[in-house]
Amino acid sequence: MQVNEKEFKPTIVAFCCNWCSYAGADLAGTNRLNYPADVKIIRVPCSCRVNPMFILRAFQRGADGVIMCGCHPGDCHYTTGNYYARRRMTLLFSMLDYLGIERERTRVEWVSAAEGAKFAATMNEFVETVTKLGENKRLEDLRCKEK
Amino acid sequence: MFKLSLNNLNDLFKAAAEGGALYIPADDGAGQARFTRWCDGMEMSKALKTVKSAKEFFFPQTESLVDFKMKGKEIEIIDPRTESEDFVVFGVRACDARSFSILDKVFLADPVDTYYKSRREHGTIVTMACSRPEETCFCTAFGVDPTAPEGDAVCYMTEDELFIEAKTEKGTAFVEKVKAVLTDGDAAPVEAQKAAVKEILPKLPLANLSTDSFGGDKLMELFDSPKWAELSASCLGCGTCTFVCPTCQCYDIRDFETGHGVKRFRCWDSCMFSDFTKMAHGNPRLTQLERFRQRFMHKLVYFPANNDGEFGCVGCGRCLSKCPISMNIVKVMKTLEGESK
Amino acid sequence: MQGKMIARAKELLQNGTVNRVIGWKAGDFAYDITPAVFNSAEELDAGFVYNDFCGANFSKYLVKESRKEGKILVFLKPCDTYSFNQLTKEHRIIRDNIYVVGVPCDGKTDGETLKLKGITGITGIKTEGDSFVVDTLYGEKTIAKADALPERCLSCKSKKHVAYDELLGEDGEVCESNRFDMVEKLEAMSSEERFNFWRGELSRCIRCNACRNVCPACTCERCVFDNDNSGIAQKAAADSFEENMFHIIRAFHVAGRCTDCGECSRVCPQNIPLHLLNRKFIKDINEFYGEFQAGEDTETRAPLNIFDTEDVEPSVVYEKGGN
Amino acid sequence: MIDETLIPKLGVVTDIRQDTPDVKTFRVVGTDGKKVFEHIPGQCAMLSIPGVGEAMFSITSSPTNTEFMEFSIKKCGCLTTWLHAMDVGQQITIRGPYGNGFPVESAFKGKDLLFIAGGIGLAPLRSVINYIRDKRDNYGKVQIIYGSRSMDDLVDYKEIIDEWMADDGIEVNLTIDREQEGWNGHVGFVPNYVKELNPDLGKTVVMCGPPIMIKFTLGGLKELGFKETQVFTTMELRMKCGVGKCGRCNIGSKYVCKDGPVFRFDQLSQLPNEY
């Protein structure tokens with residue numbers, strides 16, 4: 001597959017919790033705030049639902065960056081879900097970094113239902129960061145890439 | 001017979017790698033030997049054996065069988081194979097060399113496995129006689145002579161020289177190819193070395209291992225032995241023995257959905273794994289006892305039953321070194337000795 | 001020690017405290033020792049050994065054994081007792097059906113470690129003071145015990161038994177361990193160096209599942225990697241991604257529960273330093289959420305089962321130095 | 001003739017018939033509208049939907065059918081569920097034929113035959129029964145004893161009533177496990193029914209059904225005086241390759257895919273009871 005450096009557009013997977021971040025994304029939409037179409041949102045009931053396997057699978061299937069968004073700590077719809085998620089993702093991202101996967105490819109951001117602007121800004125910034133990094137090579141599955 | 005000074009081994013490799021791939025046993029990052037594609041300057045490992053056997057050259061751990069593209073109700077079938085290059089595997093020991101003839105009996109039996117056959121045709125096997133057998137070796141119990149391996153060409157290594165002798169057409173072609181770096185050799189040092197190793201062989205701790213209690217005709221007595229329970233009791237159910245074994249050839253066929261098609265691949269499987277025989281409606285081998293028994297019965301009874309008495313083990317001793325709980329075919333054979341009349 | 005253990009096991013069998021003993025059984029060579037259950041004094045006399053090669057951790061066998069009839073006697077080395085506690089805490093073993101005798105340990109080696117040191121053709125081993133005298137087919141070799149020990153024993157974390165019904169010999173202390181040295185060294189490398197390091201190590205994986213099957217923390221009734229729908233059930237890694245995924249997920253699943261017993265690295269036929277993955281999690285947990293040693297007791301909740309509202313944010317990963 | 005054993009051919013499903021609540025019969029032809037390959041009764045084929053799975057199924061149509069092949073498949077796992085959900089026109093992959101098949105041209109020739117089947121166990125026998133019906137002169141009397149859980153679970157019920165029962169020299173005995181409204185036939189388990197019917201000892205028996213039925217029916221037949229050498233059955237175990245190489249479908253030293261699936265009971269009794 002030929003990838004033209006100049007035109008590289010990353011694929012971003014964003015796991016968004018149903019109650020805050022997904023609503024935040026919605027708000028960004030209704031407010032006509034721009035963020036790249038390369039961001040694929042996957043709605044989850046709670047950030048706590050995000051299994052480390054989901055993150056890895058996203059990379060396997062061609063994601064160049066994975067971001068998880070949830071309610072702000074303390075505001076979880078299920079009271080404590082995002083606290084657990086926070087510990088998990090901290091450890092997982094640290095491990096990915098330890099294995100030499102570029103740490104900028106993974107990210108957690110807390111976005112409330114009222115923060116449409118933050119959602120758009122976060123995505124813009126994340127896409128920019130990942131674009132600079134280029135294609136995900138270190139955690140790719142070649143079988144999913146060849147056409 | 002030709003020879004070459006060990007100092008010039010790199011020249012030999014350089015000549016052998018001309019126009020194709022050459023694989024030699026080399027030490028990896030963890031200090032263990034494995035067959036590695038040679039590049040200039042790579043040194044041959046001094047270890048007796050590689051961690052994994054050489055079977056993967058002909059029967060790789062995973063290989064693509066067929067690709068599918070799906071479109072609505074339609075399926076397109078694509079043969080993914082491309083012409084493979086010729087290659088040489090250098091430094092194969094006698095036990096591994098024998099394992100190829102065992103694998104041949106499975107894969108080249110009708111209907112021929114064309115994937116395996118093509119690799120067999122492309123590969124030249126240059127074997128290396130053993131000069132320092134280890135305590136885990138018991139190839140002689142299965143009729144392998146470590147001083148005279150099979151193979152397309154055979155090498156013998158003395159203190160400072162390497163002797164090489166072609167045995168087959170492919171072997172002759174190999175020797176022709178590297179002839180420029182060789183000089184004529186005399187068989188005497190080789191014979192002297194063979195004799196020295198033959199002195200060591202009877203002193204090996206497993207030299208007296210007997211296969212008399214096993215074979216295709218002992219099926220039911222061995223199968224029903226109550227001793228399988230204690231033998232399998234601490235088995236972890238991992239696949240280490242299977243995956244390091246030169247003769248284990250069971251495989252699985254699986255599909256991988258890539259997002260733009262399906263890749264059907266074949267990969268090594270192990271009868272020690274719990275899902276090996278699992279079906280939608282149940283599993284005929286429910287506990288580790290049955291799975292454990294299957295592996296050893298296959299090598300010592302079922303295989304000889306189907307192959308004129310030839311056993312499915314070559315005595316390389318890899319499972320002895322590598323089993324996490326040190327349970328292995330030798331312990332099984334010793335325990336079951338005398339179970340069959 | 002072996003004599004004392006056999007004598008004590010016989011007493012406990014005799015007086016009915018236990019009806020069987022799980023222990024180490026001698027093999028064909030000095031080092032190929034197999035875990036086995038002994039049912040009688042005769043069986044103990046015939047095969048029970050305890051020497052420098054008895055590395056196997058029996059805790060996991062107790063998951064099944066403690067569900068059988070009667071009480072079982074188990075000999076546990078200090079590091080094994082941590083796994084034992086962890087399993088007790090997780091209700092994976094039935095504590096009442098087990099009688100634990102703690103035995104001292106000065107580090108256990110194995111045949112493979114000796115072979116890596118260049119000692120091959122081993123026919124017999126004697127211990128003389130701080131050295132092993134190894135008979136080989138090619139003459140006698142001497143190696144200092146300290147040189148013959150695997151990494152997990154060289155960086156022993158504790159010689160103290162944290163669970164037992166009785167002790168044979170003296171109990172030790174928690175050790176000053178340098179076990180995070182290598183993790184720190186890796187952390188100090190560049191991202192690319194780390195990537196290359198791990199690719200080199202993990203690419204050797206043959207997916208034999210020995211690490212998972214031996215691990216006392218891996219006691220799921222059904223492993224996620226045995227799920228056909230995962231697409232990678234129990235089978236060879238068909239792509240480098242799958243090698244990575246298996247080990248990341250496995251290490252993650254035991255994070256906060258791994259006691260660092262080192263069995264995974266011991267059994268790996270490809271000598272992959274798997275303990276470095278587990279130790280990274282242990283080190284991170286210590287740094288982010290306070291010192292924690294899994295298996296130290298049977299009450300404390302695992303770090304991934306609790307939280308603190310003031311926990312560090314995941315961005316801590318980018319904030320630390322290096323690249 | 002098999003050239004590339006592991007690379008399948010394409011088949012198209014041209015008809016799907018709902019036989020019972022959980023059994024459907026699929027009609028398959030090649031993309032050229034002809035049969036994909038020829039087979040003998042009792043042989044099997046590997047059917048697959050790429051990405052879902054591949055499994056061995058017995059070919060239930062008779063080789064005398066020159067137009068298509070049929071497979072009666074019970075819904076019980078991943079692949080079969082998928083097959084049950086698909087529509088006519090779907091392409092599938094198919095490879096085979098595998099196995100030894102029934103000795104229709106040797107041991108069965110000129111014999112009186114007794115077929116005993118339970119549930120979906122009729123599927124592999126249907127191929128033989130129809131083969132014999134088409135070559136009626138080569139065989140003696142035919143008796144079929146077939147039982148299922150209920151009336152609705154009798155596979156091929158229509159064909160049995162309309163065609164088999166109408167044939168001369170074919171005696172069909174049906175039974176269901178429990179009383180059911182609208183059922184006037186026999187009620188009871190197959191093993192007992194066989195004993196009640198007390199078939200002639202000269203008959204060659206072909207049996208297929210769930211393991212528990214096989215076990216008790218075989219016992220019953222022996223009590224009646226049948227010898228193991230008279231009784232044939234067809235087996236099924238987990239298979240991947242179909243050609244005796246992948247190593248999982250063995251019973252002792254015999255591979256079900258290659259040495260079977262048809263075995264005579266005296267052959268099976270020489271093998272471990274691991275199935």
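Naming convention: chains lettered A, B, ... in sequence-line order (proteins, then strands); numbering from 1 in each chain. Worth saying up front: this structure is predicted, and the values here are computed from it rather than measured.
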Shorter than 4.5 Å, heavy atoms on both sides: which option in [options] has the most such pairs with chain C?
options                             : answer
A/Glu109, A/Glu102, A/Arg107        : A/Arg107
A/Leu92, A/Val108, A/Leu99          : A/Leu99
A/Tyr84, A/Phe93, A/Trp110          : A/Tyr84
A/Ile101, A/Leu96, A/Thr80, A/Asn51 : A/Thr80

Taking [X] for the side chain and [Y] for the main chain, is one N or O donor matched with an acceptor at less than 3.5 Å?
X        : Y        : value
C/Arg257 : C/Ala302 : no
A/Arg88  : A/Pro52  : no
A/Asn82  : A/His72  : yes

Report which part of [X] has an atom under 4.5 Å of a heavy atom belonging to chain A: side chain, backbone, both, or neither.
X        : value
C/Thr309 : both
C/Phe197 : neither
C/Asn244 : side chain
C/Asn196 : neither
C/Glu201 : neither
C/Glu310 : backbone

### Message
Within the structure provided, determine whether C/Leu304 and A/Leu91 are in side-chain contact (heavy-atom separation under 4.5 Å).
### Response
yes

### Query
Does a donor on one side chain sit under 3.5 Å from an acceptor on the other, for C/Trp198 and A/Tyr98?
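Absent: no donor and acceptor within the cut-off.
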
### Query
If you measure only the distance, is there a donor-acceptor pair under 3.5 Å linking the side chains of C/Asp110 and C/Thr113?
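There is such a pair between these side chains.
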
#### Entry: Distance-minimising heavy-atom pair for A/Phe126 and A/Glu104
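Minimum heavy-atom contact is CE1-O, 3.3 Å.
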
Heavy atoms only, distances under 4.5 angstrom: which of [options] has the most pairs with chain A? Name it, please.
options                                : result
C/Arg199, C/His247, C/Glu193, C/Glu313 : C/Glu313
C/Asp311, C/Val312, C/Ile249, C/Asp284 : C/Asp311
C/Asp308, C/Ile306, C/Leu277           : C/Ile306

### Query
With a 4.0 Å cut-off, would you call C/Asp226 and C/Arg212 a salt bridge?
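Yes, this pair counts.
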
### Message
Does A/Arg87 qualify as a cation-pi partner of C/Tyr289, given the criterion of NZ or CZ under 6.0 Å from the six-membered ring centre and within 45 degrees of its axis?
### Response
yes

### Query
Which bit of A/Pro73 comes within less than 4.5 Å of chain C, counting heavy atoms only: side chain, backbone, both or neither?
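Contact with chain C: side chain only.
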
